[in-house]
Amino acid sequence: MERYTYDPAAIEPKWQNIWEERKTFRTLDDPKAWEGKPKYYILDMFPYTSGAGLHIGHPEGYTATDVLARMRRMQGYNVLHPMGWDSFGLTIERTAERENIHPAIVTERNIDKFRQQIKQIGFSYDWDREISTSSPDYYKWTQWIFLKLHEKELAYLADVPVNWCPALGTVLSNEEVKDGKYVETGDPVERRLMRQWMLKITAYADRLLEDIEDVDWPEGIKEMQRNWIGKSEGVDVDFTIKDTDASFTVFTTRPDTLFGATYCVFSPEHPLVEQITTDEHRSEVQAYVDEAKNKTDLQRTDLAKEKTGVFTGAYAINPANNTAIPIWVADYVLMGYGTGAIMAVPAEDDRDWEFAKTFDLPIVRTVQPPSDFGDEPYLGDGPSINSDFLNGLNIQDSKERMTEWLESKGKGKAQVQYRLRDWLFSRQRYWGEPFPTVQLEDGTIMSVPESELPVELPPIDEYKPTPDGKPPLARASDDWLMITLPDGRKGVRETNTMPQWAGSCWYYLRYMDAHNATEAWSAEAERYWMPVDLYVGGAEHAVLHLLYARFWHKVLYDCGLVSTKEPFQKLFNQGMILAYSYQDDNGKYYSPSEVEERDGEWLVKESGVRTNTQIEKMSKSRFNVVTPEEVIDAYGADALRLYELFIGPLSVSAPWQTRGVEGVYRFLQRVWRLAIDEDTGDPSSKLTDAAVDSDPELWKVINQTIKDVTEDTESIDKMNTAISHMMVFVNAATQAATVPKETMKTFLRLLAPYAPHITEEIWERFGEAELIAHATWPHHDPEVLKREEVTIVIQVNGKLRSRIQLPVDASNEEVEEAALADERIQKHIDGKTVRKFIVVPNRLANIVV
RNA sequence: GCCGGGAUGUUGGAAUUGGUAGACAAGCUAGAUUCAGGAUCUAGUGGGCCCUUUCGCCCGUAGGGGUUCAAAUCCCCUUCCCGGCACCA
């Protein structure tokens, strides 16, 4: 006999096909279709399409946004919810190199895999708006935006010290390098001077800092951006060099301590080092400078515990007191920040103190430390001492007075410094956007006219730098490389490409008008859809992508091309999904299927070797990756979706436990059996035509469920409790003898955004003609939730002693009377004096005796 | 070192934002059903005491102290974990 049990493998592909064929989730480009509906632009960070495909961590955020998008549609919003691919980049290029095929082929293959994986989960994206950053239709406009930057002189070529990564054969941005290593692969990075495209993000530093106050982002991310920009206010102070005409400038945030500046330090790269060094010290200084030059960044930062440096033989004149102070060279001063030279105030700075102690340089306190203060630098506030006209003033007043004094003497001026550097925008790679520029014979840089965009990537035979170190594009044939202008002048195309961040700097704009062949986006679509109402993704992009995109957006704003100052109104960071891994004492990892639990220990099945379990990031090397496919095969996409959210608050990282999926799978089965007669496939005979309020208890429960699910879904972070509230309803409905069918239908609409396939299937079996995706979202009736009686908890001295039933809104006197009359309470207050009686209306009473 | 976030049963996590700690799940235990496995259903499940009655008592939210009638929640100190920054003058 055929049984109609819950069968996700059958119903899920069925509904996915129906949604696709009917274009159920298409958002119309026609402005007339938008009228009368509030808009809601809900965006996921699109994936970088590496060959690995998705693991279970990626769809967590995608599931949350999908649930919210589906609910918003049911609530009557005009929703924009697109998906696309970040498809230029190094990983793809390396695969192509390894397999000796064109990166475009690898890209297509990867995208197909990602698309198929994502579609399997039943997300309600408008697939008509799918984009990929590596397609010429798209990167045409990335190049176009670059031309805007170029026009505004925000893109410029400069010989700059770059982070050159020999292993990759390319330069990297500051943001991609940490501790002298490429953050992705750990390959070491070294300093080189190269002619590169730079983007002047520093020109926007202040606005990037200010406008972050206006967006609804997690405070931690805002703080990370503030720190990255690193604004600090201080003074540029001019020092002259004794017995010469030369002078130099230092930046300090503590001008109040100028009288305590007992020496100066130049960075080894400082241009004056050579000039000021006396013959007596020349060989020593030269050796030190050479050594510093050959150190990698890693060595310079990591081995920085011990201060090193050499005396140049030269002296600077402290402008405050005209004292001659020695000039040293030391690598603890960085050329890349401020002026590359500092005034050292050992008494009020940790680093200077350490250096002064190492080389026995004088220390003069200029801030009076507390009486019991030890022999160390004092960074706190206090009255100035040893500082002539500043004596007695606190730090703040001293700073102001000294700044005024320096400015009036022409020896300094107030200055703002940023940690933020200009953005190194060239890469010596193939798989990226070609720059739309040409260098003419006379050295001038010319933009490719807009009408000739896109500048497409030329075919080349090998995706490697040339033997003489030029980028791969230099391998292109001359008919791509060489340009002859109508006036006969000749030029050569730029052979660097743009970094991977370029495409993701504006993709949220292209989605609004994805097929526009004449513009990047229409002004009308932009005014309607922007800003993005909710942007969800991982915190790993806290600085890089989000800072770059904000920068481009502000430039576009200044060009009049976008109407909002900020692109992403609300940002939400999902936590990571972690997984248990099993590792023996030798460090060898085992997959979960190779181990079993015995007496609280995890042992390798075959060998019995004891393993340590730990919760870690998912990675192939740890054998703890779970893929969406394996979960869908076992439990279906709806169960996957539910568990992704049920695992905990979206913002929190939590370990994946396949057993946990079974819990939500059982829940779906109970929903199915509640609604469907498994023998006939028709609606269950338990469902009746009775009025929804015929069972007052269940009527209350469903109203409570509507309220809780709506609120928890809107909060984004609490979808786990939204699901548990739906479980409460199903438990109650399962216990009830009968359930009004209308109540069941209300419940199905609540569940629909979370588990769209099973609810569509039941909806259809209920005889509904429309899709549940198009149903309206239910409202709860607050009247129903009002209770006539409430349970009031009675405490004695803060300890729970009894509960009593009282009518709602009982007066304090009534509560007091009832509480004192209660037997159990009498036992506790017997023979004692009631000192105080506290009532929290409708909730609790506390008797203090 | 600095900044940000966190620590609640065996496990993932709830807790109306100062008012019944442990919702909802997972796991476990017992029972029902089943040839069996699985699935399903029912009940129980923080620790301890009492089990002279499911009556009740004590303890319990990383540790210590405080504020309060009342603290997982607020304040101070300590420990540990996660993320970011790190010679930025």
Side-chain angles (χ1 to χ4, degrees), chain A residues 5 178-179 218-228 230-232 234 250-254 257 261 265 267 300-301 304-305 307 330-334 336-345 348-352 354-355 417-421 539-540 542-543 573 575-576 578 580 597 600 615 642-643 646-649 651-664 666-667 669-670 673 708 711 718 720-728 730-731 734 791-803 824 827 835-841 843-849:
Chain A
T5 51
K178 201 191 155 189
D179 296 336
E219 196 44 48
I221 302 288
K222 287 187 176 186
E223 194 57 25
M224 280 162 72
Q225 293 221 345
R226 287 187 201 110
N227 291 340
W228 193 266
K231 180 177 183 170
S232 63
V250 304
F251 172 74
T252 179
T253 55
R254 294 291 302 274
T257 63
V265 185
S267 156
R300 257 178 90 156
T301 51
K305 287 152 212 151
K307 289 271 182 295
D331 65 3
Y332 84 94
V333 173
L334 309 173
Y337 185 79
T339 61
I342 61 156
M343 62 181 223
V345 187
E348 279 98 29
D349 184 281
D350 291 323
R351 300 150 299 179
D352 297 345
E354 201 189 320
F355 191 80
Q417 277 289 339
Y418 298 92
R419 207 190 76 111
L420 184 71
R421 300 269 82 87
E540 66 273 19
V543 233
N573 288 125
M576 238 183 308
L578 310 166
Y580 285 91
E597 193 179 5
I615 294 172
L642 280 178
Y643 187 62
F646 190 64
I647 194 166
S651 58
V652 174
S653 296
W656 185 267
Q657 288 172 293
T658 299
R659 276 204 289 236
V661 189
E662 280 179 41
V664 294
R666 276 178 217 158
F667 163 68
Q669 287 182 312
R670 301 180 77 183
R673 286 195 300 267
D708 292 338
E711 288 172 1
K718 296 174 75 175
N720 58 327
T721 51
I723 294 167
S724 71
H725 290 128
M726 290 191 274
M727 288 171 167
V728 169
V730 170
N731 291 346
T734 304
T791 306
I792 299 207
V793 169
I794 313 295
Q795 300 177 333
V796 178
N797 285 346
K799 291 209 165 82
L800 171 72
R801 294 305 179 198
S802 183
R803 296 152 220 257
R824 277 172 292 209
K827 230 162 60 184
R835 316 248 305 235
K836 216 171 185 182
F837 201 96
I838 295 142
V839 177
V840 182
R843 188 153 301 165
L844 168 146
N846 191 11
I847 305 166
V848 187
V849 296

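Within every chain, numbering begins at 1; the chains are lettered A, B, ... in the order of the sequence lines, protein sequences first and strands thereafter.
- Shown here, B:U17 is classed syn by the O4'-C1'-N9-C4 or O4'-C1'-N1-C2 angle, which is within 90° of 0.
- Note on A:S653: only backbone sugar-phosphate atoms sit closer than 4.0 angstrom, heavy atoms only; bases stay farther off.
- The residue A:R659 sits close only to the backbone: its heavy atoms come under 4.0 Å of sugar-phosphate atoms, none of a base.
- Between the CD1 atom of A:I221 and the C1' atom of B:C85 there is a distance of 13 Å, rounded to whole Å.
- Side-chain proximity of A:A654 to B:C24, B:A89, B:G12: nearest is B:G12.
- Heavy atoms of A:Q669 sit under 4.0 angstrom from primed sugar atoms or phosphate atoms, though from no base atom.
- Heavy atoms of A:P649 sit under 4.0 angstrom from primed sugar atoms or phosphate atoms, though from no base atom.
- Going from atom CD1 of A:I723 over to atom P of B:A25 covers 12 Å, rounded to whole Å.
- A:E662 and A:R659 are not joined by a salt bridge, as no carboxylate oxygen comes within less than 4.0 angstrom of a charged side-chain nitrogen.
- Considering only side-chain N and O atoms, A:N720 lies under 4.0 angstrom from the phosphate OP1 or OP2 of B:A14.
- Looking at which nucleotide of RNA chain B each of A:T253 and A:R801 is closest to, the 5′-most match is held by A:R801.
- Taking the nucleotide of RNA chain B with the nearest heavy atom to each of A:D352 and A:N227, the more 5' of the two is matched to A:N227.
- Here B:G1 sits opposite B:C85 as a Watson-Crick or G-U wobble pair (both hydrogen-bonding atom distances under 3.5 Å).
- From A:I794, atom CD1 reaches atom CG of A:N846 across 9.5 Å, with rounding to the nearest 0.5 Å.
- A:K718 comes within 4.0 angstrom of sugar-phosphate atoms only, judged by non-hydrogen atoms across all strands, and of no base.
- Rounded to a whole Å, the CD1 atom of A:I792 is 21 Å from the P atom of B:C69.
- The interatomic distance linking A:L578 (CG) with B:G83 (C1') rounds to 12 Å, in whole Å.
- Following rounding to the nearest Å, A:Q657 (CD) and B:G13 (P) show an atom-to-atom distance of 9 Å.
- For A:S232 and B:A89, the shortest distance from a side-chain N or O to OP1 or OP2 is below 4.0 Å.
- The distance between atom CD1 of A:I838 and atom C1' of B:C69, rounded to the nearest whole Å, is 3 Å.
- With rounding to whole Å, A:F646 atom CZ is found 13 Å from B:U11 atom C1'.
- Nucleotide B:A14 forms no Watson-Crick or G-U wobble pair with any nucleotide shown, as no partner meets the under 3.5 Å limit on both distances.
- Base-pair partner of B:U45: B:G27 (Watson-Crick or G-U wobble, both distances under 3.5 Å).
- Side-chain atoms of A:N731 lie closest to B:A25 of the nucleotides B:C3, B:A25, B:G27.
- Nearest heavy atoms, A:V848 versus A:I838: CG2-CD1, 4.3 Å.
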Between the protein and nucleotides 41-48 of chain B, are there any N/O to N/O pairs under 3.5 Å, and if so, what are the atom names and distances?
from  : atom 1 : to     : atom 2 : distance (Å)
B:C41 : OP1    : A:R670 : NE     : 3.4
B:U42 : OP1    : A:Q735 : NE2    : 3.3

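- Panel note: side chain A:R254, backbone A:D349; no donor-acceptor pair is recorded below 3.5 Å.
- In this structure, CE of A:M726 is placed 12 Å from P of B:A25, rounded to the nearest angstrom.
- With a cut-off of 3.5 Å on both pairing distances, the Watson-Crick or G-U wobble partner of B:U40 is B:A32.
- Across all strands shown, B:U54 remains unpaired; no Watson-Crick or G-U wobble contact has both distances below 3.5 Å.
- At a threshold of 4.0 angstrom between heavy atoms, the contacts of A:I647 are confined to the sugar-phosphate backbone, with no base atom among them.
- Here B:G9 sits opposite no nucleotide as a Watson-Crick or G-U wobble pair (both hydrogen-bonding atom distances under 3.5 Å).
- Annotated as anti: B:G48, whose glycosidic dihedral deviates from 0 by more than 90°.
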